[in-house]
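Inspection log for the structure reproduced underneath, given as structure tokens.
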Amino acid sequence: MMLDINLLKTFVTLAEYKHFGKAANALHMTQPNVSLHLKQLEQQTRIKLIERSPFQLTQAGERLLETSQRTLLELQICQADLNAINDLKIGTLTIAVSDIISRFLLIRPFQKFKAQYPGIDLTLLNTTSSQASSLVKNAQADLGFVISKEQHNESLHFVELQELSWCALGNGFEVQMADNHKRNDAKEAESDTELTLILLGHDTRTRDFIDEGLPSLNLSNYRVMEVGSVDAQIDWAEAGFGVAIIPEFAISTKQYLKSKITPLTGFSSTSLGYVVRQNQVLSKATKQLLGWVDEEINCSDESK
């Protein structure tokens with residue numbers, strides 16, 4: 001007997017929440033129906049899958065969970081590909097992207113998209129680059145726009161749109177060249193002043209790239225102030241609390257910046273691009289959106 005997909009979905013959700021009531025809420029079902037689905041699944045498999053007090057999966061439940069998660073993911077990916085092959089004109093296109101990248105890349109392309117494909121809803125998931133990659137991998141997003149180095153991920157394909165340039169935003173910033181060993185007394189005194197770098201938190205991929213690039217700046221004395229977004233970096237730097245190290249494109253979305261902008265040539269070899277699943281079928285609408293995004297990048301480059 002083939003196992004019922006709906007029962008498997010209930011079982012996977014129950015295993016995730018480890019609570020019948022919470023699983024029922026997530027599935028928009030009643031708690032008795034969740035219990036009924038579990039009972040029917042145990043009848044089909046002829047084995048106990050869950051111990052209720054305390055809640056835990058049996059050995060059979062662990063084995064079924066592993067297979068069920070893969071099966072449901074494959075079905076979700078298959079449905080996305082079928083929609084693309086069917087030249088989806090009604091439905092939802094889900095994009096995972098950070099707020100700062102979406103404002104830089106997507107506003108005008110989205111306007112064009114909505115005019116040409118009014119039946120397709122565009123959904124934005126505001127995420128970090130790492131989260132965007134994970135959402136695409138798990139078929140929870142159709143596209144992910146990310147800051148990245150060359151991807152080495154068997155399940156994802158990365159397409160570079162633009163090589164990133166970095167800059168330091170803030171007054172009083174001085175890049176100390178690695179070969180500048182001789183300083184006069186005035187400069188030595190100046191180097192004793194502790195510089196505040198305003199950086200993203202360690203839970204972001206962008207911070208990893210910044211940490212890799214910091215030694216190239218040869219800064220003698222600095223402290224780090226961590227904030228939660230590029231917008232926050234810019235605001236704190238503008239308020240005079242330190243120097244923000246950010247991708248140059250981030251300041252293109254800001255007008256009337258008063259702080260000094262210092263280009264950081266060769267700071268970090270990173271790219272702005274998008275990720276899709278390996279061998280993912282892209283619909284005509286998705287390809288058109290990516291074409292408009294590419295045009296947006298080219299217009300931005302020409303305006304520099």
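- Contacts of Tyr17 classified as ring pair (Phe, Tyr, Trp, His ring centres under 6.0 Å), with partners at least two apart in sequence or in another chain: none.
- The closest donor-acceptor contact from the side chain of Arg277 to the backbone of Ser155 lies at 3.5 Å or more, if one exists at all.
- The pair Glu295-Lys112 counts as a salt bridge, with a side-chain nitrogen and a carboxylate oxygen less than 4.0 angstrom apart.
- Considering only heavy atoms from C-beta on, Leu105 stays 4.5 Å or farther from Tyr274 through its side chain.
- With respect to Phe145, the side-chain contact (heavy atoms from CB on, under 4.5 Å) criterion is satisfied by exactly one of Val275, Val136, Thr127, Leu161: Leu161.
- The two residues Lys9 and Leu72 have their closest heavy-atom pair at CA-CD1, 3.9 Å.
- For the atom pair Leu164 CG and Ile246 CD1, the distance stands at 11.5 Å (nearest 0.5 Å).
- Contact check for Leu3 versus Thr71: no side-chain heavy atoms found under the 4.5 Å cut-off.
- At distances below 3.5 Å, not a single donor-acceptor pair connects side-chain atoms of Gln288 with backbone N or O atoms of Phe113.
- For Phe249, the ring pair (Phe, Tyr, Trp, His ring centres under 6.0 Å) partners at least two apart in sequence or on another chain are Phe104.
- With contacts defined as side-chain heavy-atom distances shorter than 4.5 Å, the pair Thr270/Trp166 qualifies.
- A salt bridge (Lys or Arg N to Asp or Glu O under 4.0 Å) check over residues 92-107, counting only residues at least two apart or in different chains, returns the pairs Asp99-Arg103, Arg103-Asp231.
- Legend: residues meeting ring pair (Phe, Tyr, Trp, His ring centres under 6.0 Å) with Trp292, ordered by chain and number and at least two apart, are absent.
- When hydrophobic clusters are built by joining Ile, Leu, Val, Met, Phe, Trp and Tyr residues whose side-chain heavy atoms come closer than 4.5 Å, directly or via intermediates, Val243 is grouped together with Ile210.
- A pairwise comparison of heavy atoms in Ser229 and Leu200 identifies C-CD2, 3.4 Å as the closest pair.
- The shortest side-chain heavy-atom distance between Leu8 and Leu64 falls under the 4.5 Å cut-off.
- The backbone N or O of Leu49 sits less than 3.5 Å from a side-chain atom of Glu42, completing a donor-acceptor pair.
- Residue Met225 is not grouped with residue Leu219 when hydrophobic side chains (ILVMFWY) are merged at heavy-atom distances under 4.5 angstrom, including chains of intermediate members.
- The main-chain N or O of Asn6 is found under 3.5 Å from a side-chain atom of Thr10 such that the two form a donor-acceptor pair.
- In this structure, NE2 on His19 lies 10.0 Å from CG on Leu14, to the nearest 0.5 angstrom.
- Phe11 and Gly61 make their closest contact through CZ-O, 3.4 Å (heavy atoms, listed as atom of the first residue, atom of the second, distance).
- For the pair Gln233 (side chain) and Ile198 (backbone), a donor-acceptor distance under 3.5 Å is present.
- The cluster map of Ile, Leu, Val, Met, Phe, Trp and Tyr, joined by side-chain heavy atoms under 4.5 Å apart, puts Phe55 and Ile47 in the same cluster.
- Between Asp4 and Gln40 there is no side-chain heavy-atom pair separated by less than 4.5 Å.
- Taking OG1 of Thr286 as the start and CG of Leu93 as the end, the distance is 4.5 Å to the nearest 0.5 Å.
- At a threshold of 4.5 Å between non-hydrogen side-chain atoms, the residues Asp235 and Val227 do not count as touching.
- Between Ile245 and Leu217, some side-chain heavy-atom pair lies under the 4.5 Å cut-off.
- Neither Val230 nor Trp236 shares a network with the other; the hydrophobic side chains, linked directly or stepwise wherever heavy atoms of I, L, V, M, F, W or Y lie under 4.5 Å apart, form separate groups for each.
- Summarising the geometry of Val12 relative to Gln69, their closest heavy-atom pair is CG1-CG, 4.1 Å, with the distance given to 0.1 Å.
- If you chain together hydrophobic residues whose side chains sit under 4.5 Å apart, Ile107 and Leu125 never meet in one group.
- Residue pairs meeting the salt bridge (Lys or Arg N to Asp or Glu O under 4.0 Å) criterion with at least one partner in residues 207-223, sequence neighbours excluded, are Lys149-Glu212, Arg207-Asp211, Arg207-Glu226.
- Glu238 is linked by a side chain to side chain contact (heavy atoms under 4.5 Å, CB included) to Ile234, Leu257, Lys258, Ser259, counting only residues two or more places apart in sequence or in another chain.
- Considering all non-hydrogen atoms of both residues, Ala250 and Ile100 come closest at CB-CG1, 4.0 Å.
- Contact annotation: the side chain of Leu124 never approaches that of Leu122 to less than 4.5 Å [non-hydrogen atoms, C-beta and beyond].
- When atom types are taken as modelled, the side chain of Lys114 and the backbone of Asp121 share no donor-acceptor pair closer than 3.5 angstrom.
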